[in-house]
Amino acid sequence: MNLLFEKSVPGRACTLLPDCDVPNAALPEQFARQQPLHLPELSETDISRHYTELSKRVHGVNDGFYPLGSCTMKYNPALNEEIAALPGFTGIHPLQPEYTAQGCMEVLAEAERILCAVTGMEAMTFQPAAGAHGEFTGLLLIKAYHRSRGDLQRTKILVPDSAHGTNPASATMTGFEVVNVPSSPDGCVDLDALRKAAGPDTAGLMLTNPNTLGLFDKNILEITRIVHEAGGLNYYDGANLNAVMGVARPGDMGFDVVHLNLHKTFSTPHGGGGPGSGAVGVKDLLVPFLPNRHVVEKDGHYTFEDAEQTIGSVKAFYGNFLVVVRALCYMKMLGGDGMRDAAQTAVLNANYLKKLLEPYCDAATPGLCMHEFVLTMEHLKKETGVSAMDVAKSMLDYGMHPPTMYFPLIVPEALMFEPTETESKETLDWAAQTIAEILERAHTDPESLHAAPTRTPIRRPDEVRAARTPKLRYSFDA
Amino acid sequence: MNLLFEKSVPGRACTLLPDCDVPNAALPEQFARQQPLHLPELSETDISRHYTELSKRVHGVNDGFYPLGSCTMKYNPALNEEIAALPGFTGIHPLQPEYTAQGCMEVLAEAERILCAVTGMEAMTFQPAAGAHGEFTGLLLIKAYHRSRGDLQRTKILVPDSAHGTNPASATMTGFEVVNVPSSPDGCVDLDALRKAAGPDTAGLMLTNPNTLGLFDKNILEITRIVHEAGGLNYYDGANLNAVMGVARPGDMGFDVVHLNLHKTFSTPHGGGGPGSGAVGVKDLLVPFLPNRHVVEKDGHYTFEDAEQTIGSVKAFYGNFLVVVRALCYMKMLGGDGMRDAAQTAVLNANYLKKLLEPYCDAATPGLCMHEFVLTMEHLKKETGVSAMDVAKSMLDYGMHPPTMYFPLIVPEALMFEPTETESKETLDWAAQTIAEILERAHTDPESLHAAPTRTPIRRPDEVRAARTPKLRYSFDA
Amino acid sequence: MGSYLPSTAGQKRQMLEAVGVSQIEALYDNVPASIRLDGLDLAPGLSEMEVSAQMCALADKNHVFHTIFRGAGAYDHYIPAIVERVCNKEEFLTAYTPYQAEISQGILQSIFEYQTMICELTGMDASNASVYDGASAAAEAVAMCRDRKRNRALVSAAAHPAVIQTIQTYCAGADAEVALIPTKDGRTDLDALRAMLCDTDACVYLQQPNFYGNLEDAEATGAAAHEAGAKFILGIHPIAAAILKSPRECGADIAVGEGQPLGMPLAFGGPYLGFMACTQALFRKLPGRIVGETVDAADERCFVLTLQAREQHIRREKASSNICSNQALCAMRAAVYLAAMGSQGLQKAAQLSYAKAHYLAEELEKIGFPRRYPGAFFQEFVTETPLPAEQILAKLEAHDILGGYPVEGGILWCTTEKNTKAQIDALVGLLKEVCA
Amino acid sequence: MGSYLPSTAGQKRQMLEAVGVSQIEALYDNVPASIRLDGLDLAPGLSEMEVSAQMCALADKNHVFHTIFRGAGAYDHYIPAIVERVCNKEEFLTAYTPYQAEISQGILQSIFEYQTMICELTGMDASNASVYDGASAAAEAVAMCRDRKRNRALVSAAAHPAVIQTIQTYCAGADAEVALIPTKDGRTDLDALRAMLCDTDACVYLQQPNFYGNLEDAEATGAAAHEAGAKFILGIHPIAAAILKSPRECGADIAVGEGQPLGMPLAFGGPYLGFMACTQALFRKLPGRIVGETVDAADERCFVLTLQAREQHIRREKASSNICSNQALCAMRAAVYLAAMGSQGLQKAAQLSYAKAHYLAEELEKIGFPRRYPGAFFQEFVTETPLPAEQILAKLEAHDILGGYPVEGGILWCTTEKNTKAQIDALVGLLKEVCA
């Protein structure tokens, strides 16, 4: 379909703004733009139809099953959107006097209170805008902590090899050196390797638990003890909190700092890639370093305060506030029991789907899983030439979003499924049957899988060409 | 796709309401329902996905060209929806004290003032909920007028044969006898026939002008004079006001009462068939009979008043208020000049599209048209066997809503196009080219048109079966 | 200045040229010169920003009450968030009547589902796709019952006044008679009804619960009507219907009602929703659009507008109703509402509304607001007042409470599931204070 | 009690059975018993109706000012209705990062269009798909410029304080140095900058217009930076950019800014939008998602996430940024906003904001609020105040006006196209009264 720019007609416009009602004032010539500005010229009908057409070329959670591993694509409640659109939230200037924004501040304080109870933490900041931003913030806190003690030798962050790519990248951004810790054959952290890696240069460990294989590390208490004993701190990547909320708390597992993806675990929509919220919770020892503008309650009145040795700002103001509003709605709906129910059901759904699929393909790990699991198409590929990619692309033709492909890196031809708790048994049954059919077709008609998808708005894109000859914007000269 | 009832799972539910916080009270047994109540049991995910799927099986104005004649499917501005959703409008009880609802009352008064200026009327009621409801109301006013004068012999309403079916039906509902007035060969009212029909038993004339052939009756002043001289009143069916707003006024044409379709001319959305608003405007002589609860301003304060000899209520309260809100937004945007611009552009678009199509098929009337025009497929059918229906159904495959089919009844194999002013030249060019291709294919491959559509969610339905063995509800026993 | 016109001046020139006229005014040659306007006597158009500001200012001139104890035909029930979300989808909003079934299955199926739900609520066999509101639904139902021999409608005086007025207006149009059945103790007087009934009566219209919130003996009323050969029309509250005897159980031939409680905001009276359902014997007389199930050319189940031979565009002056545009989007709201509530949820809404009204009535009784009528009631009831109603209500309004509706001899109070015990207790406390 | 779980108890039992465990807790065998929770110390869940009431009550505790003369990093520009309407479409809302291009063209194309618009606004060659906000965009831009030899960033002290803080925080993380360029008369001191610059400086960051609303000599700043071999980063206001010299014209290597004015509500500080664009020479260093054009297997134009070799999920610890989730939906808002405004509309918004600020400044001057800094400014400016700022602002707040932002030595006023002459005159009248 055409681009907005290709639909543009010179002279066409929406009539949005009034004429000037004050004496005109002329911008001094030396500041004035000379370069032409090509924005599309369109009527409201054009715009509305353009985006309506685009909306039909998107698959969201509301369009169907979306078991994208590690992304927790659960249903986004309608109430959240209704509440986040209230003028009493959207119309508040971030710098208006605190006494006129007590409701917003209470939202932050209340969300903090609940999330601290869920994670076993002491305080929480909402400034980080996404999970990776939360990791960065958490590592800055760890860094500040060691510095404040004059413990300057701690330059290394331990990261298991099953970690999300953001973990090592965040460590690097924070000036740390990354030490990869291998997994043992059962998919958990290799304790011996960890013991070897941990030492006086260890600033901390970053761990996702349940990990990216969907396993709760049974040695979790030992792991965090090893790091603590080496003088390091433990960082919990909350990407997978949905498996354990209400069941076990990172704080009780021995973690000192945790980030949460409010847009994953707490049902706020992903918006095609954001905005998210990477709230960071900390234990007592890290409270003095929290990002600035932390909400504090005194006698029912809320104020912003800066921590004594604050790391400063990781962005302007207080974070993606409206995302926190949505998460608070969700948490109030569920309450403590509801969160536990949600987690347990997410785990049940994953195990059920895994069980349904196991007759047709290989799981990366045997037995029970948490909220997600990984399949490997290694054998399939050897036998039929059909790759994980082919299987995933075939799923597109059935109106199903594929699982995460080729992750975690330690599993060859990986497909990582996270069905979430808001999917019904009917949907899981249907998905399993559909995937089974695809896998069967891999043997009988592998070509059809290489050629998939065929019923989608476009066929497989040429990604190599995109990267080799980058065209990153529309060219008006062409 | 499945029905909500087929997706229902016993025990599944949304958690919407709290438990009872007052002492329970038991409904006496003699009033209690015994009959089972089968409502679907669904989660919010189920509901959201169900309607998302349904939304993809609908063609709205935002999905593409919608030249449905006589329905004025113009673009529905986003602002209208934003304003109509304001709690200051949606949260007002119709029976709350007038001093707490002055804004709502001002909306009605302001919309009345503008629409009176547009139509040349003295007062306006918003109680009627749709065009046909407006006709009914208007005829009740005419009836009340004659009665009030003791003129009880006036039992007939004159209706041209090109009229919408609602006109004769409304006349019957109001206890009048319908006298059909034929059209002359040029598509306008046959003046001689009208003179013959008009007499002391004439209560009034119902006329659509421009008429359903898209022609402005050049004898309009003579027509209304004939009826007036016979002692009847003139009723203006405003379905086609979009052609002339700002250009000429029904009041100046000699009409005494007019209904407007706010959902057509004034850009409020059609909602899949409603809610609309069939506002009725009247000249002085009918003011004493207006429906009750008419807003009146006194010293900047608004009150509801009942006219002296009110016909009563045609529905509860004051009409489809939120539809009036939307129309007022639109009218404020356009102002007087903008309305004229809109009308002229609607007429230009129709003439342009007619011009583009004339090389390929026959127009029902030659020369210029107003905001809509009628094609006849009579020759095409004789030559190729392809009917107006076949042509219309073929258009579905191109993402275009067909024109109104088989109306007006006086034109055989009629297709009635109303492109409206919010369509661009590009769209009209595309539509004309597409239709030309279809018409060409009627000659080369008529079968393909009989078989159309093929790219729509369903193929042609068996309407005869639907009517012969009516299944009007889902059966739980089946 | 505002405009939604895509055409640029240059394009208009091109199009005029193609049409063969030199200027746009020439397209109006048929319009007599004497009535061509120079311009409208209206303010010039505004920008979107200005219109937005003006309209918001109008909305701000209204007061949205924090707490509402008023019903009287418009009810402040809870609207689940999913209702607004679904019905705001532009595809539903910007489509028209589903004439072209191939590209309108979304709307057709949703109406079919709505019709099924209305049949379930009422216990009836067939429902139409909606009419304008509860009052016009009642008037249309009366029209369904009339024939040459039976031309009079008996209407309970305990029905909503607007319903009575609308029936009267419609009947006056059709030169048909309406007689009011008197009330006794806030209920329809059955003895009076029996005495009135004669063989030219087309139907009896009863409202359950009635305008005063009281529960009527609907079965006996229906039996009386049928005995005289008249049809029985029952007007119901669609949430109360979840726990009250269904119209079918009461012997009704036609069930109608105001669908506003099913997910429509108060909105100063509209758009609301008129629902209509009837027995198998009558369904061909139902006015308005009706959706039916059929199959397409590929033998797949699908839905179409059906039984159109009843309608005005086919029958013209022989049609019994002129309705075409209805309240389709409101019907969709009702369907989404009922899908979200489910049977259990709807029964809960009814039960909560009932329990809260009874708690409030009890508490009011204690402080000198005795109930005016004896017997069973649903979510509304009339009390007498120790002070003039206006005085009491004004005091409540100052506390951001919209009190009950003033009626002859007292106040008509209403509760829904939204009225918490705390709100009720606060109301009672305030009234006590006012009347102390 | 609230729940979004479709599974019924019966279905859960079936699924447990299929999995082969007797109860759901058994799925957590790996969780050490010592840390298994009995329950959370939280209130029980609520119904949707209760949550809605509680959250509305929180919103009601905030005050939405009728008139706003405050900017300072968050601007009350007009948001066209079409922006909200389009971006509320559930398909856009509920999708994630467009990993699967075949079913994500809607989002990919919208980002490609956004990238093009940002390039047009800034005059740059390449834009990413957005970062968290203007402050983090500035910090990421600084990171793009650093290498082993050049590790220090020079940042104008006249930039927004939160931007400065964020750059400092990011640099502290990376053990990189930040030095503030002092100001003189409310502008970046160019002489001081020239004196500071040395060959270990990675970049100079300048904000235009700066925090005080003043227009900087951006070209000269850029020239100075380049002379020292440092990169030049220009932080801009995206609406002002419609009429101000573009970053390209000012010689910038990287342009960044806070995209909030492009259709995002104030929303207590977020979500907002960080935009980043750069020259051809630097685009491979851009952090975050980038969408590129390509063709599909049928040779049709389509769009994909591209240049992923830069990103963390490929490069892991060698990536220069960790960003993955960004502000995609905000970027869509900006694109719809810019499409609705068009070039003319955006220039009008800029020109109106400018003219109104200058009118306000003139009127304020007349009543004893002289401008604190000389020279050209855009839509914001600082005035001195005859009374303490807090006292003045409190008075305005009582009249439902959010006055300017109190800064050292005065008040930072701001106007947008939304501030009518009537509002400005009323403000001035009120101030006159206060200070009389």
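Chain letters run A, B, ... following the sequence lines, proteins first and then strands; every chain starts at 1.
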| request: Let me know if B:Ala13 has heavy atoms under 4.5 Å from chain C in its side chain, its backbone, both or neither. | output: neither
| query | Closest heavy-atom contact between B:Ile92 and C:Leu266? | reply | O-CB, 3.4 Å
| request: Would you mind checking which part of B:Leu368 comes under 4.5 Å of any heavy atom in chain C, side chain (CB onward), backbone (N, CA, C, O), both or neither? | output: side chain
| Measuring from C:Glu48:CD to B:Leu79:CG, what's the distance to the nearest 0.5 Å? | 4.5 Å
| query | Is the closest side-chain heavy-atom distance between C:Ser3 and B:Leu334 below 4.5 Å? | reply | no
| query | Who wins among B:Tyr75, B:Phe317, B:Phe31 for the most heavy-atom pairs under 4.5 Å with chain C? | reply | B:Phe31
| message | Below 4.5 Å, heavy-atom pairs only: which of B:Met253, B:Gln102, B:Lys393 has the largest tally toward chain C? | response | B:Lys393
| task | Examine whether an atom of B:Leu140 lies under 4.5 Å from a heavy atom of chain C, and if so say whether it belongs to the side chain, the backbone or both; otherwise answer neither. | result | side chain
| So what's closer than 4.5 Å to chain C heavy atoms on B:Val347: side chain, backbone, both or neither? | both
| Any luck finding a side-chain donor-acceptor pair between C:Glu90 and B:Asn76 under 3.5 Å? | no
| Under 4.5 Å from a heavy atom of chain C, the part of B:Ile220 involved | side chain
| query | Given the rule in the side-chain hydrogen bond (donor to acceptor under 3.5 Å, both in side chains) test, do C:Lys245 and B:Gln34 qualify, once you have shown the distances and angles that lead to the verdict? | reply | CA-CA 7 Å; C:Lys245 269 196 178 124; B:Gln34 306 298 331; over 6 Å; no
| How are the rings of B:Tyr318 and C:Phe268 set to each other: parallel, tilted or perpendicular (split at 30° and 60°)? | tilted
| said: Between B:Thr172 and C:Glu317, do the side chains contain a donor N or O and an acceptor N or O under 3.5 Å apart? | reply: no
| note | Answer key: most heavy-atom pairs under 4.5 Å with chain B among C:Ala328, C:Ala162, C:Ala355, C:Ser127 is C:Ala328
| request: Could you look at B:Leu356 and say if it's the side chain, the backbone, both or neither that has a heavy atom under 4.5 Å from chain C? | output: neither
| Given the options B:Pro470, B:Cys20, B:Gly103, which has more heavy-atom pairs under 4.5 Å with chain C than any of the others? | B:Gly103
| note | Test side chain to side chain contact (heavy atoms under 4.5 Å, CB included), reference C:Glu293, set B:Lys471, B:Arg465, B:Arg473, output is B:Lys471
| query | Between the side chains of B:Asn292 and C:Gln165, does any donor sit under 3.5 Å from an acceptor? | reply | yes
| task | Answer yes or no: is there a side-chain heavy-atom contact under 4.5 Å between B:Lys56 and C:Lys89? | result | no
| query | Any side-chain donor-acceptor pair under 3.5 Å between C:Glu102 and B:His59? | reply | no
| query | Side chains of B:Gln96 and C:Asn62: is there a donor and an acceptor less than 3.5 Å apart? | reply | no
| note | Sequence neighbours excluded, the answer for ring pair (Phe, Tyr, Trp, His ring centres under 6.0 Å) partners of C:Tyr272 is none
| Would C:Tyr132 and B:His133 satisfy ring-ring contact (aromatic ring centres under 6.0 Å, His included), going step by step from the backbone distance to the final call? | CA-CA 9 Å; C:Tyr132 309 130; B:His133 209 206; 4.1 Å; yes
| request: Without swapping roles, check the side chain of C:Lys12 against the backbone of B:Thr345 for a donor-acceptor pair under 3.5 Å. | output: no
| said: Does any backbone or side-chain atom of B:His263 lie under 4.5 Å from a heavy atom of chain C? Answer side chain, backbone, both or neither. | reply: side chain
| field | All ring pair (Phe, Tyr, Trp, His ring centres under 6.0 Å) counterparts of C:Phe303, not counting sequence neighbours | value | C:Phe112
| task | Determine yes or no for a side-chain-to-main-chain donor-acceptor pair under 3.5 angstrom, with C:Gln351 supplying the side chain and B:Ala25 the backbone. | result | yes
| message | Can you confirm if the aromatic rings of C:Tyr170 and B:Phe136 lie within a centre distance of less than 6.0 Å? | response | yes
